[in-house]
Amino acid sequence: MKYGVAIFPSKKLQDLANSYRKRYDTKYAFIPPHLTLKQPFEATETEISAVAERLKDIARKFQPFSLNVTKAKSFQPVSNTIYFKVELSKELEDLHEMLHDENFFKNETEHAFVPHITIAQDLSDNEHSDVLGQLSMLDVSHEEEVKRIHLLYQLEDGTWTVYETFRLGAE
């Protein structure tokens with residue numbers, strides 16, 4: 001089964017992201033707006049129990065921290081994906097590193113860690129240019145506190161759902 005680790009932002013930020021995602025994100029129906037901490041990986045039921053225990057330990061090491069969203073950006077020319085940029089804080093960087101060190105499950109990353117919340121993907125070049133032009137004028141400044149991380153799993157229909165939630169700093 002496929003699993004991943006993510007942060008779900010507040011309802012306010014999810015509503016803003018979804019106002020664009022429902023029109024421009026082909027994955028809109030499969031997962032709510034989120035910040036991916038660990039890309040999808042395969043695990044058995046036995047393996048995922050150990051992963052969940054390790055996530056609980058990792059979450060305990062972090063106190064809630066600020067998440068700052070600043071503007072709309074794009075991954076072009078690599079892809080026509082548009083996202084809300086999340087400032088890379090020390091906590092986010094450390095959390096990402098702990099989820100990708102040799103002591104954690106399946107230590108592979110395809111890309112450098114660019115914290116973001118996707119709002120549009122799989123756009124044509126013209127659509128990408130138009131949407132990014134509109135969004136670049138948008139003031140997205142948003143700050144909130146992250147208190148939880150989530151272990152997700154993918155269902156057969158492609159949708160993602162929460163397997164377990166871990167509170168930061170919790171005993």
Side-chain angles (χ1 to χ4, degrees), residues 1-41 48 52 55 59 62 64-89 91-93 95-96 99-100 109-168 170:
M1 190 172 285
K2 260 192 188 162
Y3 296 88
V5 182
I7 293 170
F8 290 116
S10 65
K11 181 177 178 345
K12 179 181 178 184
L13 187 54
Q14 285 195 35
D15 287 348
L16 176 62
N18 276 334
S19 70
Y20 298 99
R21 288 184 72 227
K22 62 181 144 195
R23 288 177 53 201
Y24 303 117
D25 185 353
T26 55
K27 309 257 184 335
Y28 169 76
F30 296 104
I31 189 167
H34 63 284
L35 187 155
T36 301
L37 291 171
K38 185 159 184 69
Q39 294 293 328
F41 59 93
I48 206 61
L55 273 171
F62 288 85
F65 61 89
S66 269
L67 185 80
N68 294 303
V69 180
T70 57
K71 59 187 168 186
K73 290 198 68 171
S74 171
F75 285 123
Q76 197 176 44
V78 176
S79 79
N80 282 352
T81 299
I82 299 171
Y83 59 90
F84 287 149
K85 180 183 182 346
V86 175
E87 290 296 318
L88 181 61
S89 64
E91 295 89 352
L92 260 181
E93 188 171 25
L95 190 52
H96 182 265
L99 293 174
H100 291 85
T109 57
E110 283 180 45
H111 309 285
F113 181 50
V114 177
H116 68 280
I117 297 166
T118 301
I119 53 175
Q121 57 188 322
D122 303 323
L123 302 173
S124 70
D125 289 343
N126 287 340
E127 214 175 13
H128 174 270
S129 185
D130 288 348
V131 174
L132 186 59
Q134 291 172 26
L135 291 173
S136 62
M137 294 184 280
L138 190 66
D139 177 19
V140 186
S141 300
H142 176 85
E143 184 176 344
E144 64 182 63
E145 190 175 47
V146 173
K147 298 178 182 177
R148 296 172 184 81
I149 60 174
H150 307 274
L151 176 60
L152 312 172
Y153 67 100
Q154 191 174 35
L155 300 171
E156 286 182 20
D157 67 359
T159 59
W160 288 86
T161 192
V162 174
Y163 179 87
E164 195 168 340
T165 296
F166 306 93
R167 289 188 50 208
L168 299 179

Fill in: Derivation of the side-chain contact (heavy atoms from CB on, under 4.5 Å) call for V140 and L16
CA-CA 9 Å; V140 186; L16 176 62; 4.2 Å; yes
Discussion item. Apply ring pair (Phe, Tyr, Trp, His ring centres under 6.0 Å) to residues F84 and H142 and explain how you reach the verdict.
Written reply: CA-CA 10 Å; F84 287 149; H142 176 85; 9.3 Å; no
Worksheet entry | side-chain contact (heavy atoms from CB on, under 4.5 Å) evaluation trace for L99 with L55 | CA-CA 8 Å; L99 293 174; L55 273 171; 3.4 Å; yes
Discussion item. The test is side-chain contact (heavy atoms from CB on, under 4.5 Å); show your working for F65 and L95 and say whether it passes.
Written reply: CA-CA 11 Å; F65 61 89; L95 190 52; 4.3 Å; yes
Practice prompt. Report the C-alpha distance between E91 and E93 in whole Å, list the side-chain angles of each, state the deciding distance to 0.1 Å, and finish with yes or no for side-chain contact (heavy atoms from CB on, under 4.5 Å).
Written response: CA-CA 5 Å; E91 295 89 352; E93 188 171 25; over 6 Å; no
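Between Y3 and Y163, the two ring planes are perpendicular [angle over 60°; tilted spans 30° to 60°].
Nearest heavy atom pair, residue P9 against residue L13, reads CB-CD2, 3.6 Å. The shortest non-hydrogen separation linking I48 to F41 is CD1-CE1, 4.1 Å. Nearest heavy atom pair, residue N18 against residue Y28, reads OD1-CE1, 3.3 Å. Here the closest non-hydrogen pair linking W160 and I31 is CB-CD1, 3.8 Å. Pairing each heavy atom of F166 with each of A59, the nearest pair is CB-CB, 3.7 Å.
In this structure, S136 contributes its side chain and L132 its backbone to a donor-acceptor pair below 3.5 Å. Put simply, the side chain of T118 never gets that close to the backbone of A120: no donor and acceptor are under 3.5 Å apart. Side-chain N or O atoms of H100 include one that pairs as donor or acceptor with a backbone N or O of H96 at under 3.5 Å. Side-chain N or O atoms of E144 include one that pairs as donor or acceptor with a backbone N or O of S10 at under 3.5 Å.
Residue T165 holds its OG1 atom at 7.5 Å from CZ of R148, rounded to the nearest 0.5 Å. Here the NE2 atom belonging to H128 is positioned 8.5 Å from the CG atom belonging to D125, to the nearest 0.5 angstrom. The line from NZ of K27 to OG1 of T159 is 13.5 Å long, rounded to the nearest 0.5 Å. For the atom pair CZ (F30) and CG (L155), the distance works out to 11.0 Å, reported to the nearest 0.5 Å. Taken from CD in Q134 to CD1 in I82, the straight-line distance is 9.0 Å, to the nearest 0.5 Å. Expressed to the nearest 0.5 Å, how far NZ of K71 lies from CE of M137 amounts to 15.5 Å.
Here the options are T81, D25, T26, N80, the test is side-chain hydrogen bond (donor to acceptor under 3.5 Å, both in side chains), and the partner is Q121; only D25 passes. Just one of V146, V162, L35 meets the side chain to side chain contact (heavy atoms under 4.5 Å, CB included) condition when paired with F8; it is V162.
S124 and N126 form no side-chain donor-acceptor contact under 3.5 Å, judged by distance and modelled atom types alone. Side chains of S66 and N68: a donor-acceptor N/O pair is absent below 3.5 angstrom, by distance only.
Within the 4.5 Å cutoff, no side-chain heavy atoms of T161 are placed close to those of L152. For the pair T70 and V86, the minimum side-chain heavy-atom distance is 4.5 Å or more.
The distance between the ring centers of F75 and H116 falls below 6.0 angstrom.
For K85, the NZ atom is densely surrounded, since the number of other residues' heavy atoms within 6.0 Å is greater than 12.
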